[in-house]
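A short write-up of the structure that comes next.
Values below: all heavy atoms of this structure, side chains included; hydrogens, waters and symmetry mates excluded. Protein chains get the first letters and strands the later ones, always in sequence-line order, with residue 1 at the start of each.
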Amino acid sequence: MAEPVVSPAAAGGGGRLRNAFGGVLCAFTLLLIGVLAFSIRLFSVIKYESVIHEFDPYFNFRVTQFLSKNGIYEFWNWFDDRTWYPLGRVIGGTVYPGLTLTAGTIWWLVNSLNIPLSVETVCVFTAPIFSANASWATYLLTKEAKGTGAGLMAAAILAMVPSYISRSVAGSYDNEAVAIFALIFTFYLYVKTLNTGSLFYATLNALSYFYMVCSWGGYTFIINLIPMHVLLCIVTGRYSSRLYIAYAPLVILGTLLAALVPVVGFNAVMTSEHFASFLVFIILHVVALVYYIKGLLTPRLFKVAMTLVISVGLAVCFAVVAILVAVVASSPTKGWSGRSLSLLDPTYASKYIPIIASVSEHQPPTWPSYFMDINVLAFLIPAGIISCFLPLSDASSFMVLYLVTAVYFSGVMVRLMLVLAPAACILSGIALSEVFGVLTRSIKFQLSKLFDDSPAASGESSPESSTNSNKSENRNEKSETAPKERPSKKNRKKEKEVAESVPVRPRKEKRLLALPFELSVMGILLLIVLGGFYVVHCVWAAAEAYSAPSIVLTSRSRDGLHVFDDFREAYAWLSHNTDVDDKVASWWDYGYQTTAMANRTVIVDNNTWNNTHIATVGTAMSSPEKAAWEIFNSLDVKYVLVVFGGLVGYPSDDINKFLWMVRIGGGVFPHIKEPDYLRDGQYRVDAQATPTMLNCLMYKLCYYRFVETDGKGFDRVRGYEIGKKHFKLTHFEEVFTTHHWMVRIYKLKPQKNRVRGKLKKAKSSAKTSSTLAAGRKKNPWQ
Amino acid sequence: MPRATSDARLLIQSLSKAYAATPTNLKIIDMYVVFTVATALIQVAYMGLVGSFPFNSFLSGVLSCIGTAVLAVCLRIQVNKDNKEFKDLPPERAFADFVLCNLVLHLVIMNFLG
């Protein structure tokens with residue numbers, strides 16, 4: 001952080017040379033914004049280490065490794081037999097390849113330049129690099145809508161918006177890392193095409209859309225948002241031939257390109273997510289035809305033609321709509337995938353797809369998470385919307401539409417806050433730059449009035465100015481912390497740009513927007529304070545909240561820093577002490593990590609494509625020991641891995657996830673019933689817990705020998721003593737427990753000998769040990 | 001009723017008169033558009049008769065036709081002298097863009113044809 005804090009000051013100093021250096025200054029600022037975006041995401045590397053984070057990134061990392069080792073053709077044909085045992089998974093056809101190919105290309109490029117970086121290093125730093133790209137793309141997009149000043153402001157805000165940081169810190173090697181850049185860049189090219197009407201940009205737009213389709217399932221957002229905007233333009237009478245050039249080639253080329261990606265394939269023309277674009281494509285042609293004929297005919301004749309064209313056009317439209325509806329209605333899910341349906345109907349997932357609902361990032365967000373993730377931007381957005389309407393252009397209406405839809409989607413799912421973040425940044429950038437423009441212009445005006453003593457315009461500070469002052473006063477209340485240097489420098493630059501543009505503007509506008517001198521200075525200071533508050537929050541979020549890799553945990557207590565490296569300990573144990581072809585069962589959360597780090601075959605993993613398989617594992621975990629052993633044995637499982645946080649107080653362990661295992665298991669195998677595991681509707685594992693709960697496999701594997709640690713069996717996560725303390729395992733044996741007991745690995749005991757052998761054994765043991773004999777008194781054979 | 005027919009005749013007459021005034025190069029483009037759309041329609045009809053089994057072939061055939069038609073319409077919009085929006089755009093540039101876009105389109109289609 002220190003570097004970018006200091007250097008914009010120098011940029012601000014150099015900027016005094018006025019217009020000639022405007023472009024250079026802008027480029028330099030953008031460079032610094034890129035450096036800022038990159039470096040603010042390095043906290044995780046500095047505080048922890050250069051390591052891949054969480055769950056999905058491990059899978060992506062493994063795929064990238066495969067790609068770099070075996071080449072692109074092997075990658076497309078890769079059938080992975082180390083996961084989803086015994087089904088396996090076709091990786092090449094079920095993965096969004098954008099991220100992997102990007103990182104693979106970077107790795108190849110770097111290595112061909114004789115810079116020996118490991119694949120892991122490249123993967124760790126892909127996200128920060130692309131967030132720098134994303135902030136540049138934001139600059140371009142905002143510049144298309146509202147000019148350079150707003151663009152720089154929006155880029156600077158996006159470079160450090162917490163919502164985006166949470167998904168793109170170094171090591172968070174996930175699809176979103178490159179997808180947000182692709183999203184913004186596609187929007188930029190669309191707006192650029194809309195503004196210029198050039199087919200060249202339309203081609204680029206389609207290619208950028210292709211990259212987005214490669215990268216993330218969120219591409220459906222683009223292919224629905226752009227048609228919505230086109231429709232909005234048509235309805236509000238803003239149709240132009242530029243609109244046609246921006247949209248029509250995009251649909252055709254984009255659909256074809258999307259169909260090239262194996263994971264999308266024919267879905268690009270078969271599922272309802274894409275139908276909106278085709279419908280708007282047809283409407284656009286009808287409208288284009290109408291406008292063309294209108295240009296040919298005289299107004300009187302046009303009226304006649306109008307009735308004809310409209311009736312024919314409507315008939316065609318209705319026919320197409322009818323066909324579409326028929327096609328859609330014939331498919332069981334109405335042609336929408338489960339994830340899209342859960343977006344349109346927020347209650348859908350919790351009703352029908354527990355697997356989607358079980359992921360915490362698919363829950364609706366709480367209000368504090370808005371404040372946490374976009375902070376002061378939430379208060380700036382309304383101002384941004386207002387300034388988008390003065391004057392309304394095609395580009396600014398696109399911004400408003402993007403914001404509105406993104407707000408809706410972020411309200412449905414926490415993870416889609418990520419889509420909201422760029423919109424929020426762009427609109428706040430516009431708002432801030434407009435307000436700075438007004439304030440600095442009025443300062444300049446007042447100053448020149450002082451010097452010139454020209455006819456005053458103080459009386460003319462119209463309603464416009466009063467609303468502005470209200471706006472800035474509103475902002476005062478929010479900001480309390482001391483201002484930092486960085487935004488002030490940036491803002492000063494903005495003043496300069498505005499000042500540059502002032503002489504060009506007509507005098508009348510200047511008069512209308514003039515504010516009293518003191519008020520303007522106050523307003524600027526308060527905005528700077530607000531910016532400082534935002535920067536402080538962002539740095540805090542990047543450093544403290546979002547940098548934990550979740551594979552290595554730390555906790556700070558009175559006697560210093562504790563590091564919990566249990567996950568890697570367990571995976572290393574697995575890779576060193578088990579056979580290469582052994583199967584490891586665990587809940588699906590740990591599937592990707594097990595295959596990537598321990599290189600062992602797993603039953604289920606985070607790609608939750610087969611609900612039944614997951615339900616089988618869930619059923620095994622919630623069954624009593626014997627039944628569970630049978631299930632696992634039938635799947636050829638040799639080891640069972642559970643994550644247990646009760647000793648150190650790690651809350652996201654398997655006991656806390658257990659209810660989802662019961663729900664998902666019960667969804668497929670009805671003999672598992674959720675109420676059996678709840679006492680009066682409450683989930684608990686203490687003495688009040690139900691016998692089903694205390695006898696299920698998950699409980700036993702987690703709490704086996706737990707009482708030996710402190711003598712009481714006190715669970716630190718749940719905050720009480722466990723219900724059943726002393727018990728023995730009959731079908732499983734403990735083979736490894738990590739240092740802090742966070743991961744426990746059990747081995748399935750081999751199958752018992754058949755009855756005849758068992759009888760002999762029992763007889764022989766009866767002779768030697770009296771206790772055993774006493775235990776077998778009930779045996780009818782004796 | 002006679003009034004409606006006379007209106008229609010007037011409409012067609014004035015339409016054809018207005019269209020006759022369009023420059024030749026635009027007319028050529030129009031013919032090209034009509035030709036590609038007709039090709040697309042023929043393919044759709046053929047699909048209706050025979051079935052859409054190699055679906056990617058059908059898709060690429062139809063989308064190739066519609067795509068070229070759309071691009072030709074874009075070109076027509078850009079080189080139209082009456083269109084005030086594209087005064088700055090020289091027709092050579094418009095044609096170069098058109099060729100580029102077509103190249104990309106058909107590269108994709110060859111890839112997709114399978």
Open item on the list: Would you compute the distance between atom CZ of B:Phe95 and atom CG of A:Leu199 and round it to the nearest 0.5 angstrom?
Closed with: 11.5 Å

Task: Structural part of A:Phe266 lying under 4.5 Å from a heavy atom of chain B - done: side chain

Open item on the list: Rounded to the nearest 0.5 Å, what separates atom CG in B:Asp97 from atom OG in A:Ser198?
Closed with: 4.5 Å

- [ ] Kindly check if the number of other-residue, nucleotide or ligand heavy atoms within 6.0 Å of OH (A:Tyr201) is above 12?
- [x] no

- [ ] Please state whether the side chain, the backbone, both or neither of A:Phe281 comes within less than 4.5 Å of a heavy atom of chain B.
- [x] side chain

Task: Options B:Leu59, B:Leu89, B:Thr22, ranked by heavy-atom pairs under 4.5 Å with chain A, top entry - done: B:Leu59

Open item on the list: Please find the pair of heavy atoms, one from A:Ile252 and one from B:Gly67, that lie closest to each other, and give the distance.
Closed with: CG2-CA, 3.5 Å

Open item on the list: Taking CZ in A:Phe318 as the centre, count heavy atoms belonging to other residues, nucleotides or ligands within less than 6.0 Å. Is the count above 12?
Closed with: no

Task: Heavy-atom pair count under 4.5 Å with chain A, highest-scoring of B:Ala18, B:Cys74, B:Ser14 - done: B:Cys74

Open item on the list: Could you report the tightest heavy-atom contact between B:Val70 and A:Pro249, atom names first, then the distance?
Closed with: CG1-N, 3.7 Å

Tabulate below the donor-acceptor pairs under 3.5 Å that side-chain atoms of residues 208-217 of chain A make, not counting sequence neighbours, or state none.
residue	atom	partner	partner atom	Å
A:Ser208	OG	A:Thr186	N	3.4
A:Ser208	OG	A:Thr186	OG1	2.8
A:Tyr211	OH	A:Thr102	OG1	2.7
A:Ser215	OG	A:Tyr211	O	2.6

Open item on the list: Only pairs of heavy atoms separated by less than 4.5 Å count here; which of A:Val251, A:Leu207, A:Thr196, A:Val269 has the most with chain B?
Closed with: A:Val269

TODO: Tell me, out of B:Asp88, B:Leu75, B:Val108, who's got the most heavy-atom pairs with chain A below 4.5 Å.
DONE: B:Val108

TODO: Please round to the nearest 0.5 Å and tell me the distance separating atom CG of B:Leu107 and atom CG of A:Leu256.
DONE: 11.5 Å

Task: Any donor-acceptor pair under 3.5 Å from B:Gln78 side chain to A:Ile245 backbone - done: no

Task: Smallest separation among heavy atoms of B:Leu63 and A:Thr255, with atom names - done: CD1-CG2, 4.5 Å

Task: Inter-residue atom distance B:Arg76.CZ - A:Tyr292.OH, 0.5 Å rounding - done: 4.0 Å

